[in-house]
Amino acid sequence: MSLTGARGLARISQNPRCDLQTAMVVGQVDEVEFYEALTRRQFEGEYGERASARRRGDKFEASLHGNNAANLRRILAPRFGYDCERMYVRSLTDEIPDHMADAHRRRYLRTERVLADVAGGYEPPSVPHLLIEPQLRLPVSGSRFVYVAPDFAVFDPAAKCYVVGEEKSMIVRGGSPDRVDLERTRRQAGAETLALRALAEQLNLCARVRDRAIFVFSSPFDVTPHPPVEEYLHAEVSEIRRALERYRAVSEELQVYGRRDEKKIIAHTHQLRINFQNSCLSSCALFYHCKSRVSETVLVLGDEAGDVFGGATELEHLYALADGTAEASSAEEAALAARLRETAALLGVEGIYSGKG
Amino acid sequence: MGTDFDLLAGRLWSRRLGRALPVRSTYSVAPDPPETFGIAFIRVAGEERVQAVAYGLMGACPSVITICNPLARGAHELEPFARALDEYLMGCYTRKRLPRVWLAHPAALTVLDLLGYRYQSNRHASEELRTMGRQCRALCEEAIFPGQQVLAVASMLLTEHIVTGQSTVEDQHLGAVLAWVDPPQGHDPATESQRRSLVPAAALLDQGRDKKVERLRRLARKCESRSELESTNGQIHALLEEGVAQEWSLLEEARTAFWRLGLAPAPPSYTERLVEASRDRLRYFLSFGANQPSRPHSLARRLDTYEYLAALVEERDACSDALVRERMRKAGRVIAVRVESVDQPGPGRNPCTLTLTTDQHVQRVRPGTVLKSADGRIRGRVVTLAQSGEGQRHIIFRLLEGVRKGRPRVGQLLDLIDTVPFDPRRVKRDVYKLMREDESPIVYHRRLPPSVPRHALPDRLLDLAEGRFRR
Amino acid sequence: MLRGTVRESMTISPVLKIMPSQAGPEDTASNVALREALLEALSELTCPTYTDELAPYLRARHGRVYRTLSATRIEREVEGVFHRYGAEDMSSSEPSLYTAITAEHGEPIMKLIARTDWPLTQRVVAATTGRVRHLLITARLCELAIKRKSHFADHHALLRLAAAHARGLPDTVVRYEKYDLEEWLALALELIRATSEEDEEARRGAAARLSSLPGFHPVFGMPDERLEVGGV
């Protein structure tokens, strides 16, 4: 799972209170290598995208972008009232391929010029109807930026500005893809919308950018696209804004900027706050490392246990309360102890707190 | 702190005990019929295409199909699976038995569903594969109905019946759950669960095998001699067979562990109704297709069915499962009451009003709430509620059913539950008929009529209140 | 930094002079052979062509010789031209490879390859050009597959390439291993007739406008660094 660009910010936004993860995003570390350097143990689990999944993603994008983005035009044109055969498409990755030096910045300059033309009053076909992989950026601090690239941006004639779009090869059944995947995609699109807003602000176009994105997913049939879905992303944009603040704060605190600052982050690990939560299992390579750090507390039983019992509460303390070997410090604790005993009785394990379990 | 508290506290105790704890006293599904069918898949990650499938009767050695090139256009390799599934389902119907299909986890259910979508009306597939597609869709559509009895997804069934000493998100891994259900002697289940989590339980090859298979497929494309190709394909088959064998044994292990929980069977009165409903629905889906409803009336009818079945399942649990009932009691959904007096002017006739008292702390009742007794003998409506001293509450309860034989005695203790299933489908049929006659564009038309401008609101709302402005 | 890439500090002639040590990839025999093959391929295809299209085309045309050729390899070859010919007058040199350029600001499209001896109007990409170019290349591939079968070492690869392009034609369903070349060709030509005039006019206008811009190079177009927002 990538830690760069919009995906990195989406990761922070899922768990903004985890400074360790934020530091990994800031340092753009390789998660597995970072885990091994941090724990001095080999990473045993599985991590990262499968080759077949990556291949499918590439195939899906290629099928949408091929032949002057014919498939993408076909599904987007009805939504925006365009004649799909007359849509003007510019592909920024065709103009400046990834392997070229300074590709991000140069693509950004070109994207900026297109938006400047829009600010100058131009509309399609004087500017493209469809931009493939336009480059945007979010200011972090001073002259530092996080570059984000939506899969496409389409000109909305009603808003007189572009709307960012994401293409994902996940399969739609019953009108919606997998919930977890959709959430990540929405956050990613939130970061891209925020970046578009940042550029629009410079060009006095801000009023035209709304917190929304177009999603193109796959149908169950090979890589045929499902009709696009437009979603509003107010919550995600706000969470990404918060994630950016954390990004800034952690990078300033650690003085870590840019790639591969593993050693520096590891040296500061002890002062970095972790926030172990359920979602870490599917997103972070450090899940078991952090779990071992909270293994004595109720957090090991999940977020819900943290909410009900209090995140820092130690398991042994709860057992002692139920056993009666620890004094309840408040009426709430006494009630909690009683309820724990009640549950044990309900589940038929009452002997467990009287030493017979 | 309601029902969830008990489940969380259950996790706490389970961790201390080092084994899973049952949270139900009865099974939520009817016992397996004599012949149950199992399916274990290995899919291509991302593509969600089947590259290996093990299938057959549970408890017997499965048949295995492995597909060297799952992205190829033809799918004839799956035909033996299609025949076996058809034979099983048709056999069940001939013998008037409930079919029962076991899957290991929701990922397998997704693969089954996609097989359905991809083949049910694929003109390029054989008739056998199209039938398989329709049957897969029918099974997956049935899986959505509350209380359905056909599809048994092992990980979902286990987590419905037990709690483990780990988080809910870790419970999504079937192997990790099984580590708590049947912990090996002398091993910490938490450690064992973590060890088992390293291998995926999601209809996927482990990453090592997956990389090997991907590499071999690339090699196979470049093979120039037949013998070289056969040898490469042989290695792919072997790796896929190993992977699908692991999935099958996980499924077998989970099924065995589930029935070894040793819970009591749900009472036949409820189970038989659910089994019959499940069998009828599946027969309908297999005969007429399992497309999801999209028109207003069919959608509404489907939602009514879900709602009714959910209530029926809840009623079954409240009435027959002591553990679930206790959890519902803590949430105030089941109330323990004492009959203080019975006011019935004409013996065995309406009206019959009971005065009940309860000292239960949490009760989710208000005037108008319909309650029934857990033994099903009486049903009635709360008329009034009154608080008396010492934390007691008086409930005036008007009987709607059970005024003759079911009428309780003074001093009798009762458990009243608030789940009273009501099947609205028959009543709503008339409503839908009237709606159809009305033909509201909001319900039936794709386009709405042009909006009619509202009369401007007066500057002073007081004027409006005084009725000076009328449309 | 990759050899042969355009350095960000570099601007177009007369500042194009670069030190010998910074020169692009050496002209090895294989580079020359590739360049020749690409020039020939562009002549056959008659319009600017994407590197993603050129790589499979060369594989179809020459068979095993270019079996491992990738689009990135072609892009690097084209970037090398910038370094080799930067200081020279391209019009007097041998025909070589460079990119097409955008109509709005004259920015090079690094994956869309053209011959340097083609006029600017043929290398400019206007709003309608993307579609017309796709139709042109589809028609040309179909035509080559019908008329010059023996010209290709791997004719089946050419058919696949033509089919992949035909998928972008309106209302066209391409069936697996079924190549309706005549049908695709007729449809593409019909659509070209309907739109080519408008496209030509747009390209002519853009070429004239770009040529009059200060700092615009007829081959290399306008570098990104020269173009400030609102500058053009």
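Side chains are part of it too, since the values below use all heavy atoms of this structure and drop only hydrogens, waters and symmetry mates. Labels below follow one simple rule: chain letters A, B, ... track the order of the sequence lines, proteins then strands, and each chain is numbered from 1.
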So what's closer than 4.5 Å to chain B heavy atoms on [X]: side chain, backbone, both or neither?
{"X": "Phe60(A)", "answer": "neither"}
{"X": "Arg55(A)", "answer": "side chain"}
{"X": "Ile171(A)", "answer": "side chain"}

[atom2] on [Y] to [atom1] on [X], rounded to 0.5 Å:
{"X": "Ser52(A)", "Y": "Arg217(B)", "atom1": "OG", "atom2": "CZ", "answer": "8.5 Å"}
{"X": "Arg327(B)", "Y": "Thr343(A)", "atom1": "CZ", "atom2": "OG1", "answer": "10.0 Å"}
{"X": "Asp210(B)", "Y": "Glu46(A)", "atom1": "CG", "atom2": "CD", "answer": "8.0 Å"}

When you look at [atom1] of [X], are more than 12 heavy atoms from neighbouring residues, nucleotides or ligands closer to it than 6.0 Å?
{"X": "Arg40(A)", "atom1": "CZ", "value": "no"}
{"X": "Arg17(A)", "atom1": "CZ", "value": "no"}
{"X": "Glu296(A)", "atom1": "CD", "value": "no"}
{"X": "Glu160(B)", "atom1": "CD", "value": "yes"}

Under 4.5 Å, counting heavy-atom pairs only, tell me which of [options] racks up the most with chain A.
{"options": "Leu204(B), Leu21(B), Leu114(B)", "result": "Leu114(B)"}
{"options": "Gln292(B), Lys211(B), Glu214(B)", "result": "Glu214(B)"}
{"options": "Ser167(B), Pro22(B), Ala322(B)", "result": "Ser167(B)"}
{"options": "Val44(B), Val23(B), Asp206(B)", "result": "Asp206(B)"}

Considering all heavy atoms, the nearest [X]-[Y] contact:
{"X": "Gly46(B)", "Y": "Arg56(A)", "answer": "O-CD, 3.0 Å"}
{"X": "Val169(B)", "Y": "Leu281(A)", "answer": "O-CD2, 3.6 Å"}
{"X": "Leu198(B)", "Y": "Gly45(A)", "answer": "CD2-CA, 3.6 Å"}
{"X": "Leu347(A)", "Y": "Gly10(B)", "answer": "CD1-CA, 3.5 Å"}
{"X": "Arg15(B)", "Y": "Tyr319(A)", "answer": "CB-OH, 3.9 Å"}
{"X": "Glu304(A)", "Y": "Thr168(B)", "answer": "OE2-OG1, 3.5 Å"}

Do [X] and [Y] have side chains that get closer than 4.5 Å, going by heavy atoms?
{"X": "Arg173(A)", "Y": "Glu48(B)", "answer": "no"}
{"X": "Phe5(B)", "Y": "Leu336(A)", "answer": "yes"}
{"X": "Leu301(A)", "Y": "Leu8(B)", "answer": "no"}
{"X": "Leu315(A)", "Y": "Arg16(B)", "answer": "no"}
{"X": "Phe287(A)", "Y": "Gln194(B)", "answer": "no"}

Part of [X] within contact of chain A (heavy atom distance under 4.5 Å):
{"X": "Gln207(B)", "value": "both"}
{"X": "Leu12(B)", "value": "both"}
{"X": "Glu47(B)", "value": "both"}
{"X": "Thr110(B)", "value": "both"}
{"X": "Asn122(B)", "value": "neither"}
{"X": "Gln172(B)", "value": "neither"}

Please determine, among Ala53(A), Pro220(A), Ser218(A), the option with the most heavy-atom pairs under 4.5 Å with chain B.
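Greatest number of close heavy-atom pairs with chain B: Pro220(A).
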Indicate yes or no: does Glu342(A) engage Lys330(B) in a salt bridge with an N to O separation below 4.0 Å.
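Looking at Lys330(B) together with Glu342(A), the answer is yes, because their closest N to O distance falls below 4.0 Å.
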